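Heads up: the structure comes next, in structure tokens.
Just so it is clear, the structure is predicted and the values come from calculations on it, not from any experiment.
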Amino acid sequence: MNTLIKNYILEHENDLIETRRYFHQHPELSFEEFETTKYIADQLDKLDVNYRLMEPTGVLAEIVGAKPGKTVLLRADMDALSIEESRLLFN
């Protein structure tokens, strides 16, 4: 793994864990991710990343590098699945 990326992850580990927990504690079904969209937009604002909101609940962010070159597209789903979880108890 790239050292810069690894160091960034280690430096921001608590924030990344907090974000993952937030998403798992506030699941939203497909096309109903209004709070998730707001959360992501708020985080992008803090990072000063340009983005635009897509109807009804998408977020498109563009990060431009300092040098010209190839473009990389990352796509992520942010909807929750409509399933019931069961907890297994171990003795």
Take atom [atom1] in [X]; do more than 12 heavy atoms of anything else shown fall under 6.0 Å from it?
X: Leu53; atom1: CG; value: yes
X: Phe34; atom1: CZ; value: yes
X: Asn14; atom1: CG; value: no
X: Arg52; atom1: CZ; value: no

Which value, rounded to the nearest 0.5 Å, describes the distance between [X] atom [atom1] and [Y] atom [atom2]?
X: Leu44; Y: Glu62; atom1: CG; atom2: CD; result: 12.5 Å
X: Asp48; Y: Ile63; atom1: CG; atom2: CD1; result: 11.0 Å
X: Ile9; Y: Asp15; atom1: CD1; atom2: CG; result: 13.0 Å
X: Ile40; Y: Met78; atom1: CD1; atom2: CE; result: 5.0 Å
X: Lys38; Y: Glu33; atom1: NZ; atom2: CD; result: 15.5 Å
X: Glu18; Y: Glu13; atom1: CD; atom2: CD; result: 13.0 Å

Can you check whether Asp79 reaches Phe31 side chain to side chain, under 4.5 Å on heavy atoms? no

Using modelled atom types and a 3.5 Å cut-off, is there a donor and acceptor pairing between side-chain atoms of Glu35 and backbone atoms of His26? no

Same cluster for Leu47 and Phe23 if Ile/Leu/Val/Met/Phe/Trp/Tyr side chains link at under 4.5 Å? yes

Report whether Ile5 and Leu16 are members of the same hydrophobic cluster (ILVMFWY, side-chain heavy atoms less than 4.5 Å apart, transitive linking). yes

Residue list, ring pair (Phe, Tyr, Trp, His ring centres under 6.0 Å) with Tyr8, at least two apart or on another chain: His12

In terms of side-chain geometry, is the basic nitrogen of Asp42 or Lys46 positioned less than 4.0 Å from the acidic oxygen of its partner? no

Run the salt-bridge test on Arg75 and Asp77 with the 4.0 Å N-O cut-off and return the result as yes or no. yes

If the plane angle is over 60° it's perpendicular, under 30° parallel, otherwise tilted; pick one for Tyr39 and Tyr22. parallel

Between Val49 and Ala61 the two heavy atoms that sit nearest each other are CG1-CB, 4.0 Å

